[in-house]
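Note that the structure is predicted; figures quoted are calculated from it, not measured. For ligands, and for the atoms within them, numbers begin at 1 and follow the listed sequence.
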Amino acid sequence: MTMTHKAIPYKAGFGPYASDVFRLPYPYPYRNPIPMEEIERRLLSLVDPKEVACCVVEPVTGEGGFIVPPPEFLPFLRELANRYGFLLVCDEVQSGVGRTGKFFACEHSGIEPDLICVAKSIAAGFPLSGVIGKAEIMDALPPGSIGSTFGGNPVACAAALAVPRCNRRGKPPR
Ligand SMILES: Cc1ncc(COP(=O)(O)O)c(C=O)c1O
């Protein structure tokens with residue numbers, strides 16, 4: 001919620017938000033053809049890039065208005081991430097899973113992100129999401145240190161539906 005730029009409706013009534021999330025301009029060839037050097041200049045004016053954990057980018061924006069950035073944009077971010085030592089995360093929640101003609105929209109630019117977020121069309125309406133990443137990152141956390149209370153819910157729901165309803169004494173209702 002800190003990261004989304006769309007205050008209404010997503011952030012309205014929530015908060016406070018996490019600090020130290022910085023936004024860079026998104027190049028829009030038609031309305032805002034911002035040069036790549038300007039993006040780096042803005043980055044350096046906001047934060048020490050060596051302290052940045054990751055850069056999260058939508059390869060094609062969704063809520064921001066379906067903007068296809070210039071072809072040099074993602075390779076430039078990849079190069080910045082390599083140079084300053086932060087991860088490049090592609091948010092493919094809206095652009096991924098075939099919606100741009102390739103499985104992931106970032107494939108059009110030939111770059112390889114460190115992490116990819118997926119949701120929406122990965123399950124076509126079913127509430128499913130995921131993070132795909134390089135093994136060295138995904139396996140960095142020790143077993144049991146990350147999980148989800150409700151992660152098993154679809155399975156639990158399917159099991160509940162498969163079992164006949166019973167009352168508290170274990171008998172089917174009349
Ligand atoms: C591109 C993109 N990323 C992320 C999200 C939402 O992610 P979450 O619900 O995990 O905050 C959305 C929601 O529509 C989205 O469009």
What residue among V118, I111, V56 forms side-chain contact (heavy atoms from CB on, under 4.5 Å) with C90?
I111
Would D91 count as a polar contact of ligand 1, with the cut-off being nitrogen or oxygen pairs under 3.5 Å?
yes
Judging by distance only, is a nitrogen or oxygen of Q94 under 3.5 angstrom from one on ligand 1?
yes
Give a yes/no verdict on whether any heavy atom in K120 is under 4.0 Å from an atom of ligand 1.
yes
If only atom types and distance count, is the side chain of E40 paired as donor or acceptor with the main-chain N or O of L80 below 3.5 Å?
no
What I want to find out is whether E38 reaches R42 closely enough, with some N-O distance under 4.0 Å, to be called a salt bridge.
yes
Between R78 and D114, is there a salt bridge with N-O shorter than 4.0 Å?
yes
Evaluate the criterion side-chain contact (heavy atoms from CB on, under 4.5 Å) for residue pair V68 and H108; output intermediate values, then yes/no.
CA-CA 11 Å; V68 180; H108 291 285; over 6 Å; no
In the protein, what heavy atom is nearest to atom 1 (C) of ligand 1, and what distance, to one decimal place, separates them?
E58 OE2, 3.0 Å
For atom 6 (C) of ligand 1, what's the nearest protein heavy-atom neighbour? Residue, atom name and distance, please.
V93 CG1, 4.9 Å
Taking all atoms of both residues into account, what is the closest heavy-atom pair of F73 and I39, and its distance?
CE1-CD1, 3.7 Å
Does the protein put any heavy atom within less than 4.0 Å of atom 3 (N) of ligand 1?
yes
Looking at atom 14 (O) of ligand 1, is any protein heavy atom nearer than 4.0 Å to it?
yes
